[in-house]
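The analysis underlying the following values was restricted to heavy atoms, covering all of them including side chains, and did not include hydrogens, waters or symmetry mates. Just so it is clear, the structure is predicted and the values come from calculations on it, not from any experiment.
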Amino acid sequence: MAKDMLDYNVEQGAKTIDASKKLKVGIIGTGWIADAHIQQYKQMPDVEIVAGADLIEGKAEAFFKKWEIEGVRCYPDHKSMLDAETDLDAVSICTYNATHAECAVYALNKGVNVLLEKPMCVTTEEAAEIMRAEKKSGKIISIGFQPRLDPNMVKVKEIVQSGVLGKIYYIQTGGGRRRGIPTPFGTTFIQKDTGVIGAMGDIGCYSLDMVLNAIGYPKPLTVTGYTSDYFGKNPEYFKAEGKPAEYADIFGVEDFAAGFIRLEGGIILDFRIAWAMHLDTPGDTIIMGTDGSLRIPSTECWNGSVGGPMKIYHEVAGSQVQTEIPMIEDNGPGCFYKKIRSFLDAVKEGGKAPVPTSQILYNQMIIDGIVKSAKLGTEIKLEVPEI
């Protein structure tokens, strides 16, 4: 094998990386999630990280120094970087929720492919703006939902799509943390002007994607939503966590959310997600069908996989039986690597986005609908925007 080629395993088989042509990559936002991106980029022989941007002075420079990458040009914001770097092939957008849309739209308008961290954005209107820029530019934008690349998540979709459950009519999903309001490096997750949405944008979008992807992402029609912030507004919570009690004063997002969503095809989706609660879990994920039902055990802290062997409840020759689906061990390079690699492969090969905006638009519509319904105190109808 030539020295500029490298093999890696994905899914079922091998993939060969052609490193003879380097992809020039920039990173927008150098907070903690950017560490996961750069860690994977450093393993890829066809990637050259050439630029970075962060609003905090000196932060980008310190970030690249920590990761021992030299010669990276650093900028104070995404616009100055994208204006100056005219030969970028792709960017990772790792900023806080409130700026996802503006960074993505600007990059697409500059003709740059985008890997956008989750959540896609914070409103349906922003999602539509991103998709319009994508359509106009002809570039690829993929949303950072790496859990769907977990082999157990792949198995969930395979089970549903096989037809063994029959017609799907009811889904319960969600999860959360008994204690897990994310303030490891500050308060951007919990402030209204930066996070905008809380638990739903952090982990709720993942659990929605798990089931919506499995059933083919049907269009959401209506939603009844509820949100609360009882833990985030309680100074005692943060004191118990060893964090400043003043965090409660600036907490401006939801730490719990629930929604009752009607989907196209007569499917009901019952959803709940928590950053903090007096429970270990609000329940397993359940996909109910006319010929069988699937139970997906929850995890202690929603981590993008499943909490144990899944079970199919069905009937065989008149007997009620359970079929256990063994856990699949991921011996490959990991979901985060596969997320970035699949995006880069699409860029190099002119392929399609691994996690397309056309799907995640519906995910965003549900989250936005829960927020709006909770404020109004009533069910609302969801309308798909024109792109």
Side-chain angles (χ1 to χ4, degrees), residues 26-42 49 51-69 72 74-78 81 91-103 115-122 144-147 176-206 229 231-255 273-276 300-304 334-336 339-340:
I27 297 178
I28 301 173
T30 56
W32 68 274
I33 195 60
D35 287 312
H37 282 249
I38 200 167
Q39 184 178 14
Q40 306 308 320
Y41 279 132
K42 286 190 67 174
I49 299 176
D54 199 286
L55 296 174
I56 300 174
E57 185 177 356
K59 187 175 179 181
E61 289 84 352
F63 173 78
F64 293 112
K65 182 179 180 180
K66 177 181 72 173
W67 285 99
E68 300 180 338
I69 300 179
V72 180
C74 296
Y75 299 87
D77 56 68
H78 69 284
M81 187 188 90
V91 292
S92 276
I93 296 178
C94 304
T95 61
Y96 43 74
N97 299 346
T99 58
H100 279 193
E102 65 173 292
C103 292
L115 178 57
L116 177 59
E117 260 304 329
K118 59 79 190 170
M120 181 179 179
C121 48
V122 294
F145 282 74
Q146 72 274 1
R177 307 163 179 159
R178 187 166 183 172
R179 289 292 187 275
I181 295 176
T183 54
F185 305 110
T187 58
T188 55
F189 265 110
I190 67 173
Q191 290 179 258
K192 184 66 174 179
D193 61 341
T194 51
V196 187
I197 49 177
M200 287 190 290
D202 181 26
I203 52 179
C205 59
Y206 281 151
D229 56 6
F231 289 84
K233 286 293 189 183
N234 184 355
E236 297 303 316
Y237 172 90
F238 291 107
K239 288 166 67 175
E241 293 283 301
K243 304 290 176 57
E246 292 76 17
Y247 279 8
D249 297 328
I250 61 174
F251 193 91
V253 296
E254 86 287 345
D255 56 42
I273 200 75
W275 266 346
E300 182 178 341
C301 171
W302 212 98
N303 62 6
C335 293
F336 218 97
K339 170 175 80 171
I340 293 179

Inset, instruction - Tell me, please, which residues at least two apart from Tyr247 pass ring-ring contact (aromatic ring centres under 6.0 Å, His included). - result: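 In terms of ring-ring contact (aromatic ring centres under 6.0 Å, His included), with neighbours along the sequence ignored, Tyr247 is linked to Phe238.
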Inset, instruction - Please name all residues satisfying ring-ring contact (aromatic ring centres under 6.0 Å, His included) with His78, sequence neighbours left out, ordered by chain then number. - result: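 In terms of ring-ring contact (aromatic ring centres under 6.0 Å, His included), with neighbours along the sequence ignored, His78 is linked to Tyr106.
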Note, [X] side chain near [Y] side chain (heavy atom, < 4.5 Å):
| X | Y | result |
| --- | --- | --- |
| Tyr206 | Phe145 | yes |
| Thr183 | Ile190 | yes |
| Phe63 | Ile27 | yes |
| Asp229 | Val253 | no |
| Tyr237 | Lys243 | no |
| Phe189 | Ile181 | no |
| Ile33 | Phe336 | yes |

Inset, instruction - Using salt bridge (charged side-chain N to carboxylate O under 4.0 Å, His left out) as the criterion, list what pairs up with Asp202, not counting sequence neighbours. - result: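 Partners of Asp202 under the salt bridge (charged side-chain N to carboxylate O under 4.0 Å, His left out) test: Lys118, Arg177.
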State, to 0.1 Å, how close [X] and [Y] come at their nearest heavy-atom pair, and which atoms those are.
| X | Y | value |
| --- | --- | --- |
| Cys103 | Ile28 | SG-CG2, 4.1 Å |
| Thr187 | Thr194 | O-OG1, 4.3 Å |
| Gly29 | Cys94 | O-CB, 3.5 Å |
| Pro119 | His100 | O-ND1, 2.6 Å |
| Ala101 | Cys121 | CB-CB, 4.2 Å |
| Pro182 | Trp275 | CD-CE2, 3.2 Å |

Measuring from [X]:[atom1] to [Y]:[atom2], what's the distance to the nearest 0.5 Å?
| X | Y | atom1 | atom2 | value |
| --- | --- | --- | --- | --- |
| Tyr41 | Ile69 | OH | CD1 | 11.0 Å |
| Lys239 | Glu246 | NZ | CD | 9.5 Å |
| Asn97 | Ile197 | CG | CD1 | 5.5 Å |

Inset, instruction - Return yes when atom CD of Glu300 has more than 12 non-hydrogen atoms of other residues, nucleotides or ligands closer than 6.0 Å, and no otherwise. - result: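 Check fails, neighbour count at 12 or below.
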Legend entry - Qualifying salt bridge (charged side-chain N to carboxylate O under 4.0 Å, His left out) pairs with a residue from residues 57-66, counting only residues at least two apart or across chains: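 Residue pairs with at least one partner in residues 57-66: Asp35-Lys66.
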Legend entry - Residue pairs involving residues 179-193 (criterion salt bridge (charged side-chain N to carboxylate O under 4.0 Å, His left out); sequence neighbours excluded):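 Checked against salt bridge (charged side-chain N to carboxylate O under 4.0 Å, His left out) - neighbours excluded - no pair reaches residues 179-193.
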Inset, instruction - Apply side-chain hydrogen bond (donor to acceptor under 3.5 Å, both in side chains) to His37 and list each qualifying residue two or more places apart in sequence or on a separate chain. - result: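 For His37, the residues satisfying side-chain hydrogen bond (donor to acceptor under 3.5 Å, both in side chains) (neighbours in sequence not counted) are Ser92, Glu117.
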Legend entry - Main-chain N/O of Gly232 paired to Asp255 side chain as donor or acceptor, under 3.5 Å: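 Judged by distance alone, yes, a pair lies under 3.5 Å.
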Legend entry - Any donor-acceptor pair under 3.5 Å from Gln191 side chain to Phe251 backbone: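 Looks like no, no N/O pair under 3.5 Å.
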Inset, instruction - Please step through side-chain contact (heavy atoms from CB on, under 4.5 Å) for the pair Ile49 and Ile38, ending with a clear verdict. - result: CA-CA 9 Å; Ile49 299 176; Ile38 200 167; 3.6 Å; yes
Inset, instruction - Evaluate the criterion side-chain contact (heavy atoms from CB on, under 4.5 Å) for residue pair Leu55 and Tyr96; output intermediate values, then yes/no. - result: CA-CA 11 Å; Leu55 296 174; Tyr96 43 74; 3.6 Å; yes
Inset, instruction - Could you walk me through whether Ile203 and Ile273 pass the side-chain contact (heavy atoms from CB on, under 4.5 Å) test, one step at a time? - result: CA-CA 8 Å; Ile203 52 179; Ile273 200 75; 3.7 Å; yes
